[in-house]
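Take a look at the structure below.
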Number of protein chains: 2
Amino acid sequence: MDPRRTPGQRAGLTRGAVLAGARALLAERGLGALTMRALAERLGVRPNTLYSHVADKDALLEELVDDALAVVPDPAGDADWRDELHRLMSASHRALLAAPELVPVTLGRGSRGPQAQRLGRGVTELLARGGVTGAPAREALRVLVLYTIGFAAFEVRPGFPDADPDERRTELGGTYDRGLQWLLAGIAGGRTGSG
Amino acid sequence: MDPRRTPGQRAGLTRGAVLAGARALLAERGLGALTMRALAERLGVRPNTLYSHVADKDALLEELVDDALAVVPDPAGDADWRDELHRLMSASHRALLAAPELVPVTLGRGSRGPQAQRLGRGVTELLARGGVTGAPAREALRVLVLYTIGFAAFEVRPGFPDADPDERRTELGGTYDRGLQWLLAGIAGGRTGSG
DNA sequence: ACCTGAACACCGTTCAAGT
DNA sequence: ACCTGAACACCGTTCAAGT
């Protein structure tokens with residue numbers, strides 16, 4: 001609220017502290033509560049101070065989204081490409097659910113950050129290992145990624161009136177994997193021209 | 001800007017006019033420009049006047065999203081269930097792309113409106129015609145819907161760095177259908193227990 | 001019932017000034 | 001380089017008052 005600081009005095013704020021504060025605010029009070037002003041107050045600083053560490057709110061969100069994918073591993077070199085693809089996408093799915101408030105943001109922008117690019121390279125590498133390259137590979141990558149993000153978005157904010165809420169929670173976990181299997185089967189089958 | 005109206009005088013505004021104005025504003029200037037105040041100005045009315053016709057901004061967006069699905073047909077009674085399912089989801093996909101600015105909103109809430117429910121019933125009916133009922137049907141519905149919305153979101157705001165922009169536009173149209181075919185094949189195959 | 005006037009409690013961001 | 005003070009140009013929404 002009141003920084004008790006006169007112009008020229010430092011607060012010792014770092015870019016990392018700003019991001020950490022944003023993550024905490026997001027987890028505790030949700031996306032709607034993540035405002036530059038609220039974040040500043042939490043950090044004991046004036047709102048405009050944040051602009052010394054972050055370009056703007058958009059850049060902050062973009063980085064938060066990308067960071068969420070940091071826990072997704074790189075593909076293992078020895079495993080079956082299809083199993084590994086499943087593992088990678090499933091890990092991405094879980095990573096998104098770990099920061100549910102960010103999922104809508106993810107969709108809104110598409111995440112071109114370094115982590116998203118790393119994930120893209122991993123998927124592309126596995127597809128190539130399975131003989132899927134070029135345009136079909138880009139097709140497959142796109143389908144897998146948007147399926148994963150899209151599904152996470154629906155899990156976060158369930159909207160389609162299809163089941164009673166009791167069943168929903170138990171069903172939901174397996175449903176993602178099921179659809180992912182269908183897609184992987186289609187991708188693998190497409191190699192021999194069955195599309 | 002200046003309504004030239006004193007308290008008590010009517011502007012002749014209707015709920016329909018408010019929605020139409022919102023749609024126009026959305027199409028012309030984008031989601032960011034769709035504010036209650038801008039909408040009011042466009043309608044020649046004070047901002048708070050809108051609250052005589054709409055509960056709040058959230059309700060307005062919700063209705064806009066749902067209305068966008070009105071062009072999706074009901075399933076035809078005589079066609080093959082899988083073809084018809086493809087037709088229905090493809091029409092939904094196109095309907096969303098016709099109002100690209102609304103797609104992020106769609107994801108954010110999940111659309112429980114009458115049109116979304118009608119679509120849900122149509123899909124469920126077709127699945128039943130193919131012998132898919134109960135929990136697997138709900139699974140399939142969920143996968144199809146989120147795939148469709150998720151894909152639309154990615155088309156609207158391309159983010160994944162995978163191809164040069166020239167190819168992208170030509171590839172994009174077919175990619176949705178391709179993934180949809182994979183999913184439908186998986187759903188149909190799942191009937192006989194190949195999951 | 002529909003509309004205005006005025007206000008409340010916010011936003012993100014910029015600019016000048018201090019050290 | 002990092003921070004404050006002050007301000008700009010906005011938001012969505014509510015409440016009382018007019019006809």
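What you see is a predicted model, and the numbers here were worked out from it, not measured in a lab. Every heavy atom of this structure was used, including side-chain atoms; hydrogens, water molecules and symmetry mates were not.
Between A:Arg10 and D:dC3 there is no side-chain polar atom (N or O) within less than 4.0 angstrom of OP1 or OP2. The side chain of B:Thr49 contributes an N or O atom lying less than 4.0 Å from OP1 or OP2 of C:dT4. For B:Thr35, a side-chain nitrogen or oxygen approaches OP1 or OP2 of D:dC11 to under 4.0 Å. Residue B:His53 places no side-chain N or O under 4.0 Å from the OP1 or OP2 atom of C:dA1.
Taking atom CG on B:Asn48 and atom P on C:dG5, their separation rounds to 9 Å, with Å as the unit. For the pair B:Arg46 CZ and C:dA6 P, the interatomic distance rounds to 9 Å; values are reported in whole Å. When rounded to the nearest whole Å, the span between OH of B:Tyr51 and C1' of C:dC3 equals 15 Å. Rounding to whole angstrom units, CZ of residue A:Arg37 and P of D:dC3 are separated by 18 Å. C:dC11 atom P lies 12 Å from atom CE of A:Met36, rounded to whole Å. In this structure, A:Lys57 atom NZ and C:dG12 atom P are separated by 5 Å, rounded to whole Å.
Aromatic ring orientation, A:Tyr176 versus A:Tyr147: parallel (interplanar angle below 30°, classes split at 30° and 60°).
Applying the Watson-Crick and G-U wobble criteria (two distances, each under 3.5 Å), C:dA6 pairs with D:dT14. Using N1 to N3 plus N6-O4 or O6-N4 for Watson-Crick, or N1-O2 and O6-N3 for G-U wobble, each under 3.5 Å, C:dT19 pairs with D:dA1.
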From CA spacing to verdict: salt bridge (charged side-chain N to carboxylate O under 4.0 Å, His left out), A:Arg142, A:Glu139: CA-CA 5 Å; A:Arg142 222 176 292 133; A:Glu139 239 177 14; over 6 Å; no
